[in-house]
Amino acid sequence: MKENVHFIDCGANVGIAIDWAYTKYNLRSKDQKLVRVDAFEPEVKNYITMLHKYSHEELQIDNLNIHLKAVWTTNEIKKFFVQFWGTRTGSSLMSDKEQSIKTGQVFNSRYLGTDLDHQHADGKKFYYTDKSGEIRSLADMKIEYAGPFSVAQCVDLSEWIFKNVSKENYNVLKIDIEGAEYPVIDHLLKTGAHEYIDEWLVEFTAEKKVPESYDQGVIDKFMAMNPNYVDWDSEEMIEKWNNGTL
């Protein structure tokens with residue numbers, strides 16, 4: 001019998017790691033099967049991109065849960081600093097993060113999608129198509145997306161793991177959250193939630209990108225406690241991914 005895999009993707013962006021997990025466990029592995037995916041992504045455009053992407057039949061993944069939330073140490077609403085250009089991978093909860101918009105942040109018209117042809121009945125042109133083919137806008141999802149800052153609903157990752165993760169599964173946790181990994185991982189280690197995780201895929205943001213949030217002490221403690229760890233942003237990881245050994 002195959003081992004059941006639960007993949008938890010923190011900082012899912014547009015689902016690249018989800019696709020990797022599906023390929024690894026459901027297409028290549030003889031011993032493991034992906035049975036659940038939980039993806040956390042607080043950036044609205046990336047979230048909608050995933051809703052759109054995984055609504056297509058050829059990309060449907062069983063038991064896929066996409067959460068419009070950021071992982072954090074508490075359940076709260078925090079300011080969210082958005083990099084609205086490119087792939088938006090610089091977006092972060094951390095105000096010192098390189099590439100994110102700072103004081104007086106307001107999303108421009110291009111980010112809000114006003115260059116799209118379709119106009120929803122509520123007058124907003126930022127939308128996605130749901131599984132039934134209906135056009136849905138941000139207003140349908142009751143998402144607040146403008147103002148002096150963007151905001152993110154944050155979830156206490158330790159608390160969520162205790163409630164939603166079973167030690168009977170093989171649990172894989174990917175963390176790529178642009179500087180917020182330092183307080184979040186420290187919280188996981190202190191609460192004991194790390195004991196639920198069998199495999200870690202983590203990008204530790206460089207000090208030059210988060211000069212205030214960087215914490216070498218957290219890295220040292222994490223590596224001492226979690227030997228089964230893959231540097232998610234390393235050249236070695238990319239090479240292994242490309243040749244199918246990761």
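Here the structure is a predicted model, which means the values were calculated and not measured.
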Can you tell me how far [atom2] of [Y] sits from [atom1] of [X], rounded to the nearest 0.5 angstrom?
| X | Y | atom1 | atom2 | answer |
| --- | --- | --- | --- | --- |
| Ile175 | Trp200 | CD1 | CH2 | 5.5 Å |
| Leu173 | Ile161 | CG | CD1 | 5.5 Å |
| Lys69 | Leu157 | NZ | CG | 12.0 Å |
| Ile8 | Tyr196 | CD1 | OH | 11.5 Å |
| Glu3 | Asp198 | CD | CG | 7.0 Å |
| Glu76 | Gln153 | CD | CD | 9.0 Å |

Check [X] against [Y] and note the closest heavy-atom contact, atom names and distance.
| X | Y | answer |
| --- | --- | --- |
| Gly15 | Tyr54 | O-OH, 3.1 Å |
| Pro183 | Thr73 | O-CG2, 3.4 Å |
| Lys174 | Ala12 | NZ-CA, 4.2 Å |

Would you mind checking if Asp19 and Lys24 are paired as a salt bridge, meaning a charged N to carboxylate O distance below 4.0 Å?
->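 The answer is no: the pair does not qualify as a salt bridge.
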
State plainly whether the residues Asp186 and Lys221 are in salt-bridge range, i.e. N to O under 4.0 Å.
->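 Judged by the 4.0 Å cut-off on N to carboxylate O distance, Asp186 and Lys221 do form a salt bridge.
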
Side chain of [X], backbone of [Y]: donor and acceptor closer than 3.5 Å?
| X | Y | answer |
| --- | --- | --- |
| Asn26 | Tyr22 | no |
| Asn171 | Ser166 | yes |
| Ser92 | Glu178 | yes |
| Glu41 | Asn13 | yes |

Is the CG atom of Asp62 crowded by more than 12 outside heavy atoms at less than 6.0 Å?
->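 Check fails, neighbour count at 12 or below.
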
Is any side-chain heavy atom of Val210 less than 4.5 Å from a side-chain heavy atom of Tyr182?
->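 Yes, close enough: below the 4.5 Å cut-off.
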
With side chains defined as the heavy atoms from C-beta onward, is the minimum distance between His6 and Val37 less than 4.5 Å?
->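 Side-chain contact under 4.5 Å: no.
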
Does [X] have any side chain to side chain donor-acceptor pair (under 3.5 Å) partners at least two apart in sequence or in another chain, and if so, which?
| X | value |
| --- | --- |
| Lys2 | none |
| Glu207 | none |
| Glu168 | none |
| Ser29 | none |

Give every residue pair that meets the salt bridge (charged side-chain N to carboxylate O under 4.0 Å, His left out) criterion with at least one member in residues 153-163, sequence neighbours excluded.
->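 For residues 153-163: Glu159-Lys163.
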
Do Ser95 and Phe81 pass the side chain to side chain contact (heavy atoms under 4.5 Å, CB included) test, and can you show the C-alpha distance, the side-chain angles, and the key distance before you say yes or no?
-> CA-CA 7 Å; Ser95 61; Phe81 301 89; 3.5 Å; yes

Working for side chain to side chain contact (heavy atoms under 4.5 Å, CB included), residues Ile177 and Leu93 | CA-CA 8 Å; Ile177 52 178; Leu93 290 172; over 6 Å; no

Strictly under 6.0 Å, is that where the ring centroids of Phe204 and Trp232 end up?
->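 They do not qualify: ring centres at least 6.0 Å apart.
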
State yes or no: are the ring centers of Phe222 and Tyr229 separated by less than 6.0 Å?
->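 Yes - the distance between ring centres of Phe222 and Tyr229 falls below the 6.0 Å cut-off.
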
With sequence neighbours excluded, what pairs up with Lys33 under the salt bridge (Lys or Arg N to Asp or Glu O under 4.0 Å) test?
->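 So Lys33 forms no salt bridge (Lys or Arg N to Asp or Glu O under 4.0 Å) with any residue.
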
Can Val5 and Asn169 be said to form a side chain to side chain contact (heavy atoms under 4.5 Å, CB included), step by step?
-> CA-CA 6 Å; Val5 176; Asn169 294 331; over 6 Å; no

Yes or no on side chain to side chain contact (heavy atoms under 4.5 Å, CB included) for Leu201 and Phe7, after CA distance, side-chain angles and deciding distance?
-> CA-CA 10 Å; Leu201 312 172; Phe7 182 59; 4.1 Å; yes

